[in-house]
There are 2 protein chains.
Amino acid sequence: SDDERLKLRTSANAIRALSMDAVQKANSGHPGLPMGAADIATVLFSRFVKFDAADPHWPDRDRFVLSAGHGSMLLYSVLFLLGYKDMTLDQIKNFRQLGSKTAGHPEYGHAEGIETTTGPLGQGIANAVGMAIAERHLNARFGGDLVNHKTYVLAGDGCLMEGISQEAITLAGHLKLNHLIVLWDDNGISIDGKVTMSDSTDQLARFAASGWNTTLIDGHDAQAIATALEAAQSSDKPSLIACKTIIGFGAPNKQGTAATHGSPLGADEVAAARKTLGWDYPPFEVPADILAFWRAAGKRGRAEREAWEKRLAANSAKSEFKRAISGALPANFDTVIADYKKKLAKEPPALATRNSSQNALDVINVAVPETIGGSADLTGSNNTKSKDLKPLNAADYGGRYVYYGIREHGMAAAMNGMALHGGVIPYGGTFLVFTDYCRPSIRLSALMGIRVIYVMTHDSIGLGEDGPTHQPVEHLAALRVMPNLHVFRPCDAVETAECWQLALESEKTPSVLALTRQKLRPARLTYSAKNLCAQGAYEIAPSAKKSKAVIFASGSEVEIALDAKALLDKAGIPARVVSVPSMDLFEKQSKAYKDKVLGTEKIRVGIEAAVRNNWDRFIGLDGIFVGMSSFGASGPIEKLYPHFGITAKHVLQAVKKKTR
Amino acid sequence: SDDERLKLRTSANAIRALSMDAVQKANSGHPGLPMGAADIATVLFSRFVKFDAADPHWPDRDRFVLSAGHGSMLLYSVLFLLGYKDMTLDQIKNFRQLGSKTAGHPEYGHAEGIETTTGPLGQGIANAVGMAIAERHLNARFGGDLVNHKTYVLAGDGCLMEGISQEAITLAGHLKLNHLIVLWDDNGISIDGKVTMSDSTDQLARFAASGWNTTLIDGHDAQAIATALEAAQSSDKPSLIACKTIIGFGAPNKQGTAATHGSPLGADEVAAARKTLGWDYPPFEVPADILAFWRAAGKRGRAEREAWEKRLAANSAKSEFKRAISGALPANFDTVIADYKKKLAKEPPALATRNSSQNALDVINVAVPETIGGSADLTGSNNTKSKDLKPLNAADYGGRYVYYGIREHGMAAAMNGMALHGGVIPYGGTFLVFTDYCRPSIRLSALMGIRVIYVMTHDSIGLGEDGPTHQPVEHLAALRVMPNLHVFRPCDAVETAECWQLALESEKTPSVLALTRQKLRPARLTYSAKNLCAQGAYEIAPSAKKSKAVIFASGSEVEIALDAKALLDKAGIPARVVSVPSMDLFEKQSKAYKDKVLGTEKIRVGIEAAVRNNWDRFIGLDGIFVGMSSFGASGPIEKLYPHFGITAKHVLQAVKKKTR
């Protein structure tokens with residue numbers, strides 16, 4: 001009815017007013033999207049999204065992802081209006097100020113109701129695919145009584161132009177994720193001006209080609225929005241709703257132009273917009289009746305949530321469900337790992353660490369039912385599929401292995417979404433060199449502080465003939481400089497098991513496991529109850545006599561370090577070897593421990609088949625580094641290591657030269 | 001005719017035999033694609049590609065890009081068969097051996113006829129878009145007499161699944177690059193098995209949605225291949241030819257399966273394939289008549305090339321064309337920069353370095369007609385569009401500014417293609433934090449050693465309110481560890497001009513210019529004929545008295561360093577300041593110079609609003625570093641620098657603490 005339409009428009013104007021006022025006060029921000037998409041958000045949250053503002057962590061809530069993160073004021077306005085406790089009017093007034101919950105872009109963890117950090121374009125829609133995968137999987141595991149919800153996305157042109165969106169939407173289409181609904185804020189404007197300046201894509205045809213249902217509506221027509229959302233509820237495919245909107249809707253002189261995208265409207269235009277919208281209230285004031293409408297919407301889901309709580313209480317899987325959602329590992333996890341390490345100690349295997357990783361996963365995936373593995377089309381190379389792990393696909397969402405296809409970026413972003421959804425622990429593989437392809441998502445794992453495990457094999461020139469395009473040289477260094485990221489490079493089966501344990505136990509830090517293609521000698525030959533890798537670096541081979549040299553190495557080069565020690569010992573230069581599976585964990589140890597491990601030997605050697613960079617910290621600026629200083633080359637591994645001078649003999653020679 | 005068909009099939013079998021034999025001998029490699037796509041390559045090179053094997057550098061040759069680089073033996077076989085001098089039979093026999101021209105994946109510069117380095121999937125097709133842009137642009141600049149050629153791509157499923165391909169094909173479709181023809185080796189197989197395990201995309205519909213002509217053919221039917229290629233010659237859009245093929249065609253027990261993709265067939269299967277294909281010749285032997293067919297194909301273009309040479313000789317733009325193609329800058333370039341620097345010295349401006357960059361471009365783009373600028377939808381923020389630069393688009397390929405859209409990865413890969421094509425010098429911008437989005441292509445710029453200039457603005461927390469998703473913290477470090485990449489971080493307008501000069505003069509090294517959003521005080525106040533930034537680091541403020549402290553800083557933090565020096569001088573701790581615009585160039589200086597710049601002061605300070613990592617080299621392991629150790633935060637710049645302790649006062653305090 002006309003009354004209803006008016007009500008919805010006025011309610012939407014509350015978003016518009018709060019957004020333009022907050023941006024104006026901050027003198028920084030993006031009013032265009034919140035004003036343009038306000039009608040969509042109003043219909044969506046007042047009628048469709050399943051949630052209860054009083055319990056933002058209700059596991060079966062619908063997820064809402066603002067993929068176009070620059071429109072953060074849309075989300076903040078909505079959360080405030082709906083009555084999320086975190087999101088006070090003061091927070092809105094402190095938009096973009098240091099220490100506020102209302103950062104320039106939505107930051108996961110800042111305020112409840114922010115389901116993921118967005119801003120880097122295309123990430124949100126790709127996160128949402130992971131959330132939708134997690135939902136379908138948990139639905140299969142725990143049943144529709146406990147898990148049965150939607151994932152909504154609001155995406156902009158930028159999200160759809162980014163390549164990652166293609167990986168995301170084709171993956172979603174392939175997996176028939178029909179609980180995924182994307183609303184495209186189709187305003188035809190990007191920062192440089194009209195989208196037609198840089199793009200001519202028929203987005204509906206593109207989504208249809210990817211296996212989506214698509215529809216095109218007027219994004220300012222509440223009835224059309226509702227009808228489209230209604231239809232999407234029962235879709236057998238993911239749904240794209242293209243919503244034609246006017247960016248900056250309501251700003252009479254600027255709407256429909258790039259001028260509203262990323263700058264305050266200015267006092268005059270804000271005043272003019274008030275007039276145009278019929279919004280006669282001072283900044284940050286929302287009249288009681290409109291606030292009442294929104295607060296009622298915020299409580300819409302209460303009954304449904306309470307019914308769900310009852311179902312959970314009565315469900316036989318209740319405690320497993322709660323544990324899974326909490327993110328806690330099964331109580332026996334440490335024992336399982338200890339037993340596995342004991343087994344390894346009995347018969348230390350000579351394996352590539354990628355194979356050791358698979359063996360560890362054979363144990364872990366039985367013990368931890370939350371893991372969901374996968375690979376970007378390198379299953380056999382990454383050794384990510386443990387035995388008995390069944391594919392997760394449209395025919396069986398209960399499987400636990402995703403064939404992600406050649407979509408490293410989409411995989412990483414989906415894993416972020418899975419971790420954010422909760423109830424599952426994602427890990428996925430590609431070659432270490434291709435961390436470059438998913439680096440923006442790895443960064444978001446680290447920034448959000450979530451448990452995503454990257455299984456990155458073929459971690460050096462040791463992969464051989466595939467050559468420099470496939471040989472990581474700078475990647476360990478480039479990953480180690482990222483805040484809040486564990487970079488593990490284990491040297492044998494025991495260290496690999498320990499690193500997996502640490503990765504799984506790091507709930508607030510993502511991990512990269514850098515693993516070899518080539519076979520390695522076992523280095524850890526006796527059982528240690530303690531997880532030695534937890535210290536980041538530790539003495540793996542002490543010196544019988546007082547050591548004159550210390551050798552630090554990681555992964556495949558620990559073997560070379562041990563050989564070098566033997567040569568040095570023989571040459572009358574007693575040496576000890578320190579294995580460095582994780583530089584970041586080492587930095588977190590006590591000063592006393594670090595000093596002890598670093599030692600005071602004058603002769604200090606670092607060995608890693610990668611660039612020197614991070615090793616100065618261990619060997620000092622005048623230490624001996626045996627590693628790479630250029631890109632690699634194509635050839636058999638047996639030729640490459642000597643070619644680049646990464647051998648025990650080279651270490652011996654370098655040390656002798658230094659001691660001369 | 002049947003005869004012709006047989007001839008073509010037999011000629012294609014030469015590719016198959018060489019490929020399976022080379023892979024078998026190397027005991028490593030990918031026989032599947034060369035055997036599957038041999039028929040396509042045979043028709044393409046014997047009838048369509050315009051080239052002359054005797055002159056691989058003919059500027060108006062058609063470009064052929066093997067985007068599915070793992071199928072390198074296809075390219076090597078073809079180059080050998082066509083008679084490219086570089087590609088001897090010995091090289092084929094030494095496939096994947098250290099030092100051979102026949103690396104695991106095609107490496108640009110290894111052998112003539114390899115137009116780009118491929119292997120990381122999706123890069124080749126995106127390079128090709130850049131080549132096609134360069135071709136249309138040079139056609140507009142120099143006319144069809146000199147420039148009028150096609151760009152052919154052979155792409156696999158992997159290329160099409162990578163997100164970068166979406167950025168590439170939508171850009172190509174938008175620009176109506178009708179000289180771009182993509183042959184998709186549609187074999188339905190990826191490493192994990194059937195493509196249907198991970199993808200259900202209707203690729204033809206997807207390309208059509210991106211503005212391409214599309215057609216689907218039998219990739220083993222020579223007539224069908226020829227007909228499709230014929231039609232593509234006069235297309236008004238880029239063309240996709242989907243070629244249904246059987247991977248490993250001819251290997252009777254393995255063809256059509258993932259088993260042929262990335263492993264040798266094995267001696268038995270190679271023998272069986274010989275039988276199936278009717279190829280009765282020993283390994284690496286090509287019968288005379290078949291070789292004659294191919295060698296004739298290799299000479300097909302001779303007359304056309306000779307005619308072109310004559311046209312060039314008679315063309316009034318001959319010398320400009322030759323200079324442009326050679327990559328040489330105009331003779332007066334150094335003078336232009338010197339004059340500009342003199343002008344700056346007269347009235348040193350207080351500008352953000354992104355604005356200084358735009359001012360430099362105002363000068364450079366007039367002096368150097370080869371530059372083609374652009375931005376991934378941040379034109380006004382990256383300041384990449386100098387005055388009078390017109391858009392390059394389908395309506396006017398003669399323009400020199402590309403609105404790349406929100407396609408950082410596609411932009412970077414296209415720039416690689418433009419640089420590889422030659423005749424143009426590409427530069428393009430986005431935010432520094434989004435180097436992550438295009439890192440795989442930056443790596444290929446560095447690996448190939450080509451002149452691509454990345455204009456990366458908003459280079460620290462100094463960007464303010466957009467917050468941690470937009471604030472680079474680890475990116476300078478992550479880029480500095482990449483071999484053969486110049487990372488420049490100038491501190492004012494003069495340094496910015498000098499860094500631009502260096503970037504343009506570095507023909508074999510790509511450059512990243514890290515530029516500020518915020519305004520900076522000028523630091524270089526007097527004219528220096530010498531390009532001081534060429535030394536990588538230099539003393540920008542000497543100490544009047546014998547210095548007790550040395551401060552190293554880059555970019556926006558040089559200002560803080562100079563302020564800190566003033567405070568220290570006042571506090572009786574004489575200090576000098578070293579500006580470090582480029583760590584990599586510094587490393588290339590003489591030991592004497594480096595020692596002098598580094599000095600011997602006990603108090604050593606590094607300042608950069610980024611992670612410490614690379615600075616140890618300047619300040620030692622126990623130096624004082626004033627910078628970041630975590631992700632940033634959303635807030636005004638005035639609050640952020642003090643919040644993270646990056647101020648002159650903090651430097652003073654830290655030094656005092658140290659000297660206590």
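All chains are named by letter (A, B, ...) in the order of the sequence lines, taking the proteins before the strands, and each is independently numbered beginning at 1.
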Go through the atoms of [X] and report whether side chain, backbone, both or neither lie under 4.5 Å from a heavy atom of chain A.
{"X": "Thr196(B)", "answer": "backbone"}
{"X": "Val402(B)", "answer": "neither"}
{"X": "Pro472(B)", "answer": "backbone"}
{"X": "Val473(B)", "answer": "both"}
{"X": "Leu444(B)", "answer": "side chain"}
{"X": "Ala168(B)", "answer": "neither"}
{"X": "Glu587(B)", "answer": "neither"}
{"X": "Gln203(B)", "answer": "neither"}

Just how far is it from atom [atom1] of [X] to atom [atom2] of [Y], taken to the nearest 0.5 Å?
{"X": "Met448(A)", "Y": "Phe631(B)", "atom1": "CE", "atom2": "CZ", "result": "10.5 Å"}
{"X": "Glu474(B)", "Y": "Arg439(A)", "atom1": "CD", "atom2": "CZ", "result": "5.5 Å"}
{"X": "Ile637(B)", "Y": "Ser28(A)", "atom1": "CD1", "atom2": "OG", "result": "12.0 Å"}

Considering all heavy atoms of both residues, which atom of [X] and which atom of [Y] are nearest to each other, and what is their separation?
{"X": "Asp192(A)", "Y": "Gly380(B)", "value": "OD1-N, 4.2 Å"}
{"X": "Ile406(B)", "Y": "Ser190(A)", "value": "CD1-CB, 4.0 Å"}
{"X": "Gly104(A)", "Y": "Ser634(B)", "value": "N-OG, 2.9 Å"}
{"X": "Ala633(A)", "Y": "Leu98(B)", "value": "CB-CD1, 3.8 Å"}
{"X": "Met197(B)", "Y": "His174(A)", "value": "O-NE2, 3.0 Å"}

Sort out for me which of [options] touches chain A most, counting heavy-atom pairs under 4.5 Å.
{"options": "Ser441(B), Ala477(B), Ser210(B), Gly158(B)", "value": "Gly158(B)"}
{"options": "Glu162(B), His643(B), His475(B)", "value": "Glu162(B)"}
{"options": "Gly635(B), Pro120(B), Gly119(B), Gly405(B)", "value": "Pro120(B)"}
{"options": "Ile169(B), Leu621(B), Asn484(B), Thr170(B)", "value": "Leu621(B)"}
{"options": "His30(B), Gln97(B), Arg407(B)", "value": "Arg407(B)"}
{"options": "Gly464(B), Ala103(B), Gly467(B)", "value": "Ala103(B)"}

Heavy-atom cut-off 4.5 Å, strictly under: side chain, backbone, both or neither for [X] against chain B?
{"X": "Thr117(A)", "value": "side chain"}
{"X": "His70(A)", "value": "neither"}
{"X": "Ala446(A)", "value": "both"}
{"X": "His105(A)", "value": "both"}
{"X": "Arg443(A)", "value": "both"}
{"X": "Thr435(A)", "value": "neither"}
{"X": "Ser630(A)", "value": "backbone"}
{"X": "Asn393(A)", "value": "neither"}

Minimum side-chain heavy-atom gap [X]-[Y] below 4.5 Å:
{"X": "Asp377(B)", "Y": "Met161(A)", "result": "no"}
{"X": "Met482(B)", "Y": "Val611(A)", "result": "no"}
{"X": "Glu107(B)", "Y": "Pro468(A)", "result": "yes"}
{"X": "Thr379(B)", "Y": "Ile191(A)", "result": "no"}
{"X": "Gln166(A)", "Y": "Glu167(B)", "result": "no"}

Ring pair (Phe, Tyr, Trp, His ring centres under 6.0 Å) partners for Phe618(B), two or more places apart: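 Partners of Phe618(B) under the ring pair (Phe, Tyr, Trp, His ring centres under 6.0 Å) test: Phe552(B), Phe586(B), Trp615(B).
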Ring pair (Phe, Tyr, Trp, His ring centres under 6.0 Å) partners for Phe434(B), two or more places apart: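 Partners of Phe434(B) under the ring pair (Phe, Tyr, Trp, His ring centres under 6.0 Å) test: Tyr437(B), His470(B).
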Atom NZ of Lys176(B): over 12 foreign heavy atoms under 6.0 Å: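 At most 12 heavy atoms, drawn from other residues, nucleotides or ligands, come within 6.0 Å of this atom.
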